[in-house]
Participant: 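One structure, as structure tokens, below. Some questions next.
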Amino acid sequence: MNFPLPDFFPASAEIFVLVMACVVLLADLFKSERQGWLPYLLTLATLAGALAIQVGTAGADTTLTFSGMFVDDRLSDVLKSCLYITVFAVVVYSRDYLMARGLERGEYYLLVLFATLGMQVMISANHFLTLYLGLELLSLAIYALVALDRESARSTEAAMKYFVLGALASGLLLYGMSMIYGATGTLEISAIARKLSDPATNMDVLRFGLVFLVAGLAFKIGVVPFHMWIPDVYHGAPTAITLLIGSAPKLAGFSMAIRLLVDGLPTLAVEWQQMLMMLAVLSIALGNVVAIAQTNVKRMLAYSTISHMGFMLLGLVSGVIELRASGDIQLSYAFGSAMFYTIAYVLMSAAAFGVLLLLTRAGVEAETLDDLKGLNRRSPWFAAVLMMVMFSMAGIPFFIGFFAKLAVLQAVVAAGYLYTAVFAVMLSLIGAFFYLRVVKLMYFDEPLDTAPLVASSEMRALLSVNALAIAVIGLMPQSLLTLCATALGQAMK
Amino acid sequence: MLIEYFPILLFILIGIGFGFVPMIAGKLVGPSKPDPEKLSPYECGFEAFEDTRMKFDVRYYLVAILFILFDLEIAFLFPWAIVLEEIGMFGFVAMMIFLGILVVGFIYEWKKGALDWE
Amino acid sequence: MDFQTAVFYFLSTILVVASLRVITARNPVHAALYLVLSFFTAGGVWMLLRAEFLAIALVLVYVGAVMVLFLFVVMMLDINIERLREGFWANLVPGLIVAGLMLAEMFAVLGAKYFSAGAAPAPEAPAMDYSNTKELGRLIYTEYVYPFELASVILLVAIIAAIALTMRKRKDTKFQEPAKQIAVRREDRVRLVSMPAEKE
């Protein structure tokens, strides 16, 4: 039979990353001893090339390909471009740390590239099957990365916890997907949205499936009450891997939430917005309060991650999905604010863990608050960088974090949830304590470790650019905000 | 279609019977008078020096995992083989890409020495 | 009750009992073997649903490969079963309450209203030359080719992860590699250094 050839053009970035990952694998196998830099440079070249291809193939309209399983729209272009930049920064920041610990093996670069491929597939997924396969590809690569340090019992324990809980959450997600398939008869996300307006579909079974779907999603994003794995995994994994899992997968998690809930189940918005509201409020409360008690910076950042993801969910909760008379679905501004928050969070998280990586060298881990003491004496510029990141995370004007929180809170108030907004602001104030404590330690305490910072020049340069991005985009957030809003505002047919 | 699998069901039932009947017959007919001396392990008349278990070698685990992965590859090859004439060149190339990616994995494990026993 | 229904009840009973024994067995090897039994019976149930390829793949892949791996791991870890079972009876009651609640809620939603034999009639029996495997094959390599290739990438990642995490070279064995011995080049063994002549 003559099967029509699918259009490979929108998926060029994925195909490029896959081919280059195989090239990196073969290069790592057949390289000589003196060419240790080869996988590193090839990985960076892959990410840069993927960014170039993505920007080059970006079109203004939505394209579906591969039998409706792959969608290429504005949202996927923006998120994937941020993804490549983030993973590029992660690889550059991590190199010194990994080399000092003997972990800089070809496998690291390969697993990072495959995790990137998994995230690309998730962001462009228009079908439950591809969404799930991308999620599993990402998760499998990350389980292996967390356990990469074989000699460390703590890393192995963190990997075990992550794996067991992650497998359970994938099971919940699949169960929900199978229920929704049973109710609608299709797995394709845009087809499911169309089926929902058909009165013959079984709403009870759909709602039942939705619960499991939200449970699986909440685990992957890391919000209360599915947050248990986050502090242990962030703490136990090598800091370079914590940098990876704390930044890039949040973009994929946001995309998963949008595709599953907003694109896939828009008429059930009342139900899933209620569920997400509860998750968001609990996360903001728990993340901000428990982080105060932490002495380990990685755990503290893990709990702050939980609270930031709660804020991102608040943005999703306050969005209004209108079904216009023409059958199109129009999304309100709130979803754009959630996207802006996600991108801002990824920038801040990458910079925070980057500074932590800067402080480590062979045999010295910089994990506890004591290691940050007196950073201003050792390196004034990087103390300023970490100060900018901490202020931004706390939501202090005029960094990007402030505008992200402001945009989300504006959306929340516009949707009518005034008390929620007040609650979120109060908890952010409480939470600002632990961010400001870091700043106080850096500037007003004596350093315990007076050795100078050892880091490669490209890492310092990129980290500085990262911090400047936090400051500069904070001064001019409009362009990124409108980009997010238009990316999400494309009416769905 | 299911009627074609009936012989297999019969085969399974007879297999279960073959397994159970001698065991039950032995339990019913044979004498059973256990005794501590009779139940203890025999080591040429001595008491056992140490536990009989050996430290399990992780190489078996690696071999088993690699077997699973190539077994899954074979499972995908089965339906492809019977519909090849219908799916034409497109299906052929799709499978070749699948096999190609796994051949890259095969080269990797070969070069890394995962296939060497020593 | 016709023959198919009788077979279904027979297989399902064994499946449920075996699954229960997996979690309650004292010896971990016994638990793994009960899991093998439950996979076999689940394969039988799928065969009754006319998913013949999936049933055979379940037995081939799960029982043939995954359970072998399970048994290897169970043998590899010296599990002290007594310590693991310590909190069993104390934790059983809250566990049963939570599980019972979930089950009750699931029944309420999925009860007879939507999933009874009347609401979901059995599909008509297919023709005699229907081959489930062929139908799957027609779809996987054409319409679902994108997930198919993704599956191969996941398998590749599994290969890399397994080798990165578990491969250890035995340090005490010494052996010669004739291929390397023959492939040696002069430059690897001899290096000429130019030095000024020294007096005396």
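Computation of the quantities below employed the complete heavy-atom set of this structure, encompassing side-chain atoms and omitting hydrogens, waters and symmetry-equivalent molecules.
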Participant: Check whether any side-chain heavy atom of A:Arg259 lies under 4.5 Å from a side-chain heavy atom of A:Ser76, and answer yes or no.
Facilitator: yes
Participant: Taking A:Glu14, A:His127, A:Met69, A:Glu107 one by one, which has the highest count of heavy-atom pairs under 4.5 Å against chain C?
Facilitator: A:Met69
Participant: Carefully, step by step, assess A:Ser190 and A:Glu188 under the rule side chain to side chain donor-acceptor pair (under 3.5 Å).
Facilitator: CA-CA 6 Å; A:Ser190 36; A:Glu188 195 184 314; 3.3 Å; yes
Participant: Treating C:Thr41 as the side-chain partner and C:Leu37 as the backbone partner, does any N or O pair qualify as donor plus acceptor under 3.5 Å?
Facilitator: yes
Participant: Using non-hydrogen atoms only, which part of A:Arg105 is less than 4.5 Å away from chain C: side chain, backbone, both, or neither?
Facilitator: side chain
Participant: Do the side-chain N and O atoms of A:Thr186 and A:Lys195 include a donor-acceptor pair separated by under 3.5 angstrom?
Facilitator: no
Participant: What about the rings of A:Tyr181 and A:Phe128, do their centers lie closer together than 6.0 Å?
Facilitator: no
Participant: Answer yes or no: does atom CD of C:Gln181 have more than 12 heavy-atom neighbours from other residues, nucleotides or ligands under 6.0 Å?
Facilitator: yes
Participant: Hey, is CZ on C:Phe70 packed in by over 12 heavy atoms from elsewhere, all under 6.0 Å?
Facilitator: no
Participant: Can you establish whether the number of heavy atoms outside C:Met167 located under 6.0 Å from its atom CE is more than 12?
Facilitator: yes
Participant: In terms of heavy-atom pairs under 4.5 Å, which option from A:Ser67, A:Gly106, A:Ala159, A:Ala141 contacts chain C the most?
Facilitator: A:Ser67
Participant: Which atoms of A:Leu110 come close to chain C, meaning under 4.5 Å heavy atom to heavy atom: side chain ones, backbone ones, both, or neither?
Facilitator: side chain
Participant: Quick one: which residues of residues 154-163 of chain C reach chain A at under 4.5 angstrom, heavy atoms only?
Facilitator: C:Ile154, C:Leu156, C:Val157, C:Ala158, C:Ile160, C:Ala161, C:Ile163
Participant: Most heavy-atom pairs under 4.5 angstrom with chain C, which of A:Leu145, A:Thr130, A:Leu148?
Facilitator: A:Thr130
Participant: Ring centroids only, cut at 6.0 angstrom: are C:Tyr146 and A:Phe66 within range, meaning strictly under it?
Facilitator: yes
Participant: Checking heavy atoms, do the side chain of C:Leu150, its backbone, both or neither come under 4.5 Å from chain A?
Facilitator: side chain
Participant: Please classify the contact between A:Leu137 and chain C as side chain, backbone, both or neither, with a heavy-atom cut-off of under 4.5 Å.
Facilitator: both
